[in-house]
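Below, read A as the first sequence line, B as the second, and so on, with proteins coming before strands; counting in each chain starts at 1. The shown structure was predicted, so the numbers you read here are calculated from the model rather than taken from an experiment.
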Amino acid sequence: MDHLRSILENEAPHLLEKRSTKPRKEGLTELTNATQGEVVLRFAPNPNGPLSFGHARGLVINNTYREMYDGVFILRFDDTDTKVKPPMLEAYEQIVEEATWLTGRAPDRVVIASDRLEHYYKHAEQMLENGFGYVCRCSADAFREHRQAKTNCPCRDQSPSDNLTLWKGMLKGAYKPGDAVVRVKTEMDLKNPALRDWPALRIQDTKAHPHPRPEVGSTYDVWPLLDFQSAVEDHLQGVTHIVRGKDLMDSTRKQTLLYEHFGWKYPETLYWGRVKVHEWGGFSTSQMRKDIEAGRYDGWNDPRLPTLSALKDRGIQAKALEQFWLELGITQKDISVPLATLYAHNTKAVDDDAPRLSFVRNAVAFKLEGEHPTEVKVPVHPNHQTMGWRTWKFSENAVWLEADDIEKMDVRLKEFADVELHDNEARITSIERHHSHPVIHWLPASHASEGILLETKNNQIQRISGQLEHHTHEAGTIVQLERIGYARVMDDGSLMVCHETTDEP
RNA sequence: GCUCGUAUAGUGUAGUGGCCCAUCAUAAAGGACUCUCAUUCCUUUGACCCGGGUUCAAAUCCCGGUACGAGCACCA
């Protein structure tokens, strides 16, 4: 082999040159059967809480396809469970706002499932009339045995008119939750047990568990299950492509069977795998809700929580989230990603516009000794002088230094002077930079006030007090604290570290 | 248990039989620039789960194994 190579090197070196590599695919993979301008996509969260980090994937991917194909993006609230995962009234509005923030535009259409029960009823009736659905009065346990044994349950052979009568009974409240359910007829010997005569609508006690939307409240007792509601709604809205988690694969199969009964064409479907974040592990809206109610967290935008609002409050940009999710793309692999990747995107999104600011943690006062100018000018941003200058005038010779820095004897006060430190005195040895002393950040007492820096570390919120440079940045501005990192100015004037760090276990 | 799905550097990802001694990002290490431990730039390290088969040719196709994940709810 080596011999051959040496021959080639002499005789035909061009054969050894690396050929140019295939261009790397840009953006998301093409959708199958997609026509420009005719793609309809939807993202359907349960409004049982505000959006979390994981939801951002659905929003970003669907919205990106919408842009690629000049299509329609529907935000749909699948709020058909009032007991196990009850919707939260405030979440409806918040989710629309968060989706708009993340994608940079409002959804083309907002659909609320609980507004559309009549449509689902109508299709349930069609199903019963045409004999591909039936009202089943078996208990869940009894049916489970039929499912396992591949045997028909006694209700399966009822005539359409019997089914319709029973259905009217369901609507009138003749049955309690669990006593009757509408099933879609498939085959009881299908290979996948999950698909066998799956349930489409059930009864919920909305007196005990009213729907939180006042216009719905306790009006209805018969509610569709996700597989049915989603399938019918996708058809009604003309959805052409569905991108969703692979946990819903069986749902697709169930729904395809239903579509065949109705004679509809099922949308093209793409799946992604499960995503975990190293720092958070798994997370669920229901669990977060419990923890908040138990007082373990301080509301939905507690910085320790992986909600979109918490991320936003910490200064994570919509652009960074978008880049992050697009980079992961759509694979069915279950993955675990570090937050560092998100932070890298966020740094890129934020750095150019982040004014520099000095924050001296655990500040220690020093007296300045020696000749020096009466003011110092430091740039707002070292790479963009157009952003202006910060001017610090000395009204007294007092400066603040960080506790961790004062162990060093000789330091360079950034942009100012070389000093020697001892006994809370900082003696100026030179204004020009003569030595390679470590450069530290600092503040003149006349330009600093008490400040608080908030940082989440190891799932704890830490409040670090110190001296903060005077500034006029509005709440919401992302600044860079010199030698510390990016932080967001909060409403109360404190600063929140954007990119949390975790100690190695 | 049954059903379905997935396996490429530490983490993600590109790759659809020959442009592959495998792409890009991120992380790590080193360096340049810099009056920040920032930004920017450069360099280096580092991977096709295992075993068979098909083929002139396999990361790519087929079979088997293994690992991981999901579904088997009158949740979404």
Side-chain angles (χ1 to χ4, degrees), chain A residues 1 5 16 18-26 29 44-48 77-87 113 136 138-141 143-144 147-148 177-183 190-196 198-204 223 225-227 229-230 245-254 271 273-276 278 284-286 323-324 327-329 331-338 340-345 347-348 350-352 354 356 358 378-379 381-384 412-418 432-433 436-441 480-486:
Chain A
M1 184 69 202
R5 182 175 290 262
L16 284 175
K18 257 194 176 173
R19 288 155 221 155
S20 61
T21 47
K22 210 180 269 184
R24 188 187 160 82
K25 189 195 75 192
E26 287 295 325
T29 50
N46 179 354
N48 62 340
F77 292 107
D78 281 352
D79 57 344
T80 55
D81 181 272
T82 63
K83 190 181 172 188
V84 183
K85 293 180 179 174
C136 174
C138 301
S139 70
D141 286 340
F143 191 83
R144 186 172 305 127
R147 178 168 49 220
Q148 273 163 14
D179 287 351
V181 57
V182 177
R183 292 188 181 282
L190 286 174
K191 270 177 80 181
N192 189 343
L195 312 185
R196 297 171 194 157
W198 54 273
L201 300 100
R202 77 340 192 152
I203 295 163
Q204 295 192 95
W223 285 82
L225 275 324
L226 171 84
D227 294 318
Q229 178 269 127
S230 176
K246 70 172 184 181
D247 51 314
L248 263 11
M249 264 178 176
D250 282 350
S251 191
T252 298
R253 294 182 184 106
K254 288 183 199 172
Y271 305 95
R274 219 180 52 160
V275 176
K276 271 190 193 169
H278 289 341
S284 80
T285 306
S286 313
Q323 294 294 321
F324 176 87
E327 196 172 272
L328 296 196
T331 58
Q332 292 188 29
K333 222 160 90 174
D334 301 307
I335 54 176
S336 181
V337 291
T341 315
L342 175 65
Y343 295 156
H345 286 298
T347 295
K348 289 185 179 75
V350 130
D351 186 75
D352 264 349
R356 270 44 177 176
S358 189
V378 291
H381 194 300
N383 306 341
H384 303 290
R412 170 74 182 174
L413 301 187
K414 192 170 180 295
E415 313 268 3
F416 176 51
D418 287 354
E432 294 303 310
R433 189 177 183 191
S436 54
H437 296 157
V439 177
I440 66 168
H441 66 293
Q480 190 204 65
L481 302 179
E482 288 175 340
R483 297 213 302 144
I484 298 173
Y486 302 99

K.L.:
Reckon A:Ser286 has a side-chain N or O less than 4.0 Å from the OP1 or OP2 of B:C75?
P.N.:
no

K.L.:
Would you please confirm or rule out a distance under 4.0 Å between OP1 or OP2 of B:U26 and any side-chain N or O of A:Lys348?
P.N.:
yes

K.L.:
With both distances under 3.5 angstrom, what nucleotide forms a Watson-Crick or G-U wobble pair with B:A7?
P.N.:
B:U66

K.L.:
Closer than 4.0 Å, any side-chain N/O of A:Lys333 to the OP1 or OP2 of B:C68?
P.N.:
no

K.L.:
Please give, in whole Å, the distance from B:U11 P to A:Glu327 CD?
P.N.:
15 Å

K.L.:
Report yes if a side-chain nitrogen or oxygen of A:Arg144 is closer than 4.0 Å to either non-bridging phosphate oxygen (OP1 or OP2) of B:C72; otherwise report no.
P.N.:
no

K.L.:
Does A:Lys414 place a side-chain N or O at less than 4.0 Å from the phosphate oxygens OP1/OP2 of B:U34?
P.N.:
no

K.L.:
In whole Å, what is the span from the CG atom of A:Asp250 to the P atom of B:C72?
P.N.:
7 Å

K.L.:
Which part of the nucleic acid does A:Arg433 contact within heavy-atom distance under 4.0 Å: base, sugar-phosphate only, or nothing?
P.N.:
sugar-phosphate

K.L.:
Using Watson-Crick or G-U wobble geometry with both distances below 3.5 Å, tell me the partner of B:A73, or none.
P.N.:
none

K.L.:
Looking at B:G71, I'd like to know if its phosphate oxygens (OP1 or OP2) sit under 4.0 Å from a side-chain N or O belonging to A:Arg274.
P.N.:
no

K.L.:
Using a distance-only criterion (donor-acceptor N/O pair, under 3.5 Å, no hydrogens), is the base of B:U39 paired with the side chain of A:Gln480?
P.N.:
no

K.L.:
Base contacts versus sugar-phosphate-only contacts with protein, heavy atoms under 4.0 Å: please encode nucleotides 28-33 of chain B as B, S and - from 5' to 3'.
P.N.:
------

K.L.:
If you look at every strand shown and take non-hydrogen atoms under 4.0 Å, does A:Arg356 touch a base, only sugar-phosphate, or nothing?
P.N.:
base

K.L.:
At less than 4.0 Å, is any side-chain N or O atom of A:Lys191 found next to OP1 or OP2 of B:C4? Yes or no.
P.N.:
yes

K.L.:
Grab the CH2-C1' distance between A:Trp198 and B:A73 for me, whole Å please.
P.N.:
14 Å

K.L.:
Check the phosphate of B:A76 against A:Thr80, side-chain N and O only, distance under 4.0 Å to OP1 or OP2. Yes or no?
P.N.:
yes

